[in-house]
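Report on one structure; see the data block that follows.
Below, all heavy atoms of this structure are taken into account, side chains as well, without hydrogens, waters or symmetry copies.
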Amino acid sequence: RDEAFDKLVQYRRHVKRARQAMETAMAKEREDKEEQGRVVSMLKEKLIESEKHLALLQQTYHNVSLEANSDKARIDQLERELAPLRDENAMLVKTQRQLQSRLRSLANMERRQGM
């Protein structure tokens, strides 16, 4: 009878320890799930922020690209307008050199005649 009672007490202790271990494990599992939920929420927020940042960068790139294309078109237009002015300037420089040469020649002739 005492032996049976001792076994019953041991069994109850064993059941109590097993129940405590199970409750501890379940509590740990709940904590882990909660932590995973927090991590997943944080990662979702970071993903949303990253997607917003990416969209902003894409829009900025698009705007800069449009501006660059517009600037290039304006530069091309200015170069087309500048081409005749360059030609005219080259012709004026050539005429200026010819006139300077002619003036030197005239000055030389006057010096020779004045001697």
Side-chain angles (χ1 to χ4, degrees):
R1 192 173 181 201
D2 288 337
E3 191 176 313
F5 182 75
D6 287 343
K7 284 188 180 187
L8 178 62
V9 169
Q10 285 177 353
Y11 176 74
R12 285 182 179 168
R13 286 183 189 149
H14 176 72
V15 168
K16 184 177 179 181
R17 282 194 301 267
R19 185 178 294 129
Q20 287 175 342
M22 183 180 71
E23 288 172 357
T24 301
M26 289 172 65
K28 175 75 172 123
E29 186 177 337
R30 278 192 304 275
E31 289 174 8
D32 289 348
K33 284 183 181 179
E34 289 171 3
E35 178 64 21
Q36 287 175 353
R38 285 191 293 275
V39 169
V40 167
S41 293
M42 182 187 69
L43 290 174
K44 283 180 182 178
E45 288 174 19
K46 287 193 179 286
L47 177 61
I48 290 168
E49 288 175 26
S50 295
E51 288 171 342
K52 287 178 184 177
H53 188 65
L54 176 61
L56 181 62
L57 288 174
Q58 287 172 331
Q59 184 61 46
T60 302
Y61 174 80
H62 178 72
N63 292 344
V64 167
S65 180
L66 290 177
E67 288 176 20
N69 288 339
S70 175
D71 290 348
K72 181 166 180 1
R74 181 69 179 133
I75 288 169
D76 290 346
Q77 175 64 31
L78 290 173
E79 285 178 350
R80 284 192 295 275
E81 293 172 11
L82 186 60
L85 296 174
R86 282 186 180 139
D87 294 343
E88 184 179 343
N89 185 55
M91 190 171 57
L92 290 172
V93 167
K94 182 179 176 184
T95 302
Q96 180 186 20
R97 287 182 183 144
Q98 289 171 345
L99 288 173
Q100 287 171 341
S101 176
R102 183 72 180 136
L103 282 172
R104 279 193 300 273
S105 295
L106 288 173
N108 287 338
M109 283 175 50
E110 284 180 359
R111 270 197 304 265
R112 277 189 233 132
Q113 289 176 355
M115 289 183 179

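K94 NZ to L99 CG: the interatomic distance, rounded to the nearest 0.5 Å, is 12.5 Å. For the atom pair L82 CG and I75 CD1, the distance stands at 12.0 Å (nearest 0.5 Å). Atom-to-atom distance recorded for M22:CE and R17:CZ is 15.0 Å, nearest 0.5 angstrom. In this structure, CD on E79 lies 7.5 Å from NZ on K72, to the nearest 0.5 angstrom. How far CG of D2 is from NZ of K7: 13.0 Å, rounded to the nearest 0.5 Å. Taking NZ from K16 and CZ from R19, the interatomic distance works out to 9.5 Å, rounded to the nearest 0.5 Å.
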- Item | Steps toward side-chain contact (heavy atoms from CB on, under 4.5 Å) verdict (L78, R74) | CA-CA 6 Å; L78 290 173; R74 181 69 179 133; 3.6 Å; yes
- Verify salt bridge (Lys or Arg N to Asp or Glu O under 4.0 Å) between R38 and E35, making sure each step is shown before the conclusion. CA-CA 5 Å; R38 285 191 293 275; E35 178 64 21; 2.7 Å; yes
- Verify side-chain contact (heavy atoms from CB on, under 4.5 Å) between N89 and L85, making sure each step is shown before the conclusion. CA-CA 6 Å; N89 185 55; L85 296 174; over 6 Å; no
- Message: Evaluate Q10 against H14 for side-chain contact (heavy atoms from CB on, under 4.5 Å), listing each step before the verdict.
- Response: CA-CA 6 Å; Q10 285 177 353; H14 176 72; over 6 Å; no
- Query: Between R80 and D76, is a salt bridge (Lys or Arg N to Asp or Glu O under 4.0 Å) present by the stated rule, with each step listed?
  - Reply: CA-CA 6 Å; R80 284 192 295 275; D76 290 346; 5.1 Å; no
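At a threshold of 4.0 Å, the pair K33-E29 counts as salt-bridged, since one of the basic side-chain nitrogens sits closer than that to a carboxylate oxygen.
Side-chain atoms of T95 come within 3.5 Å of backbone atoms of M91 as a donor-acceptor pair (strictly under, hydrogens ignored). Under a 3.5 Å cut-off, the side chain of S101 and the backbone N or O of R97 do not form any donor-acceptor pair.
Enclosure of atom CE in M26 is not indicated, since only 12 or fewer non-hydrogen atoms of other residues, nucleotides or ligands lie within 6.0 angstrom. For R12, the CZ atom counts as loosely surrounded, since its 6.0 Å shell holds 12 or fewer non-hydrogen atoms of other residues, nucleotides or ligands. The environment of CZ in R102 is sparse: at most 12 heavy-atom neighbours from other residues, nucleotides or ligands sit within 6.0 Å. Annotation: Q77, atom CD; neighbour count of heavy atoms from other residues, nucleotides and ligands within 6.0 Å is above 12. Within 6.0 Å of CE in M109 there are 12 or fewer heavy atoms belonging to other residues, nucleotides or ligands.
Donor-acceptor pairing under 3.5 Å is lacking for the side chains of N63 and E67.
Between K28 and T24, the closest side-chain pair of non-hydrogen atoms is not below 4.5 Å.
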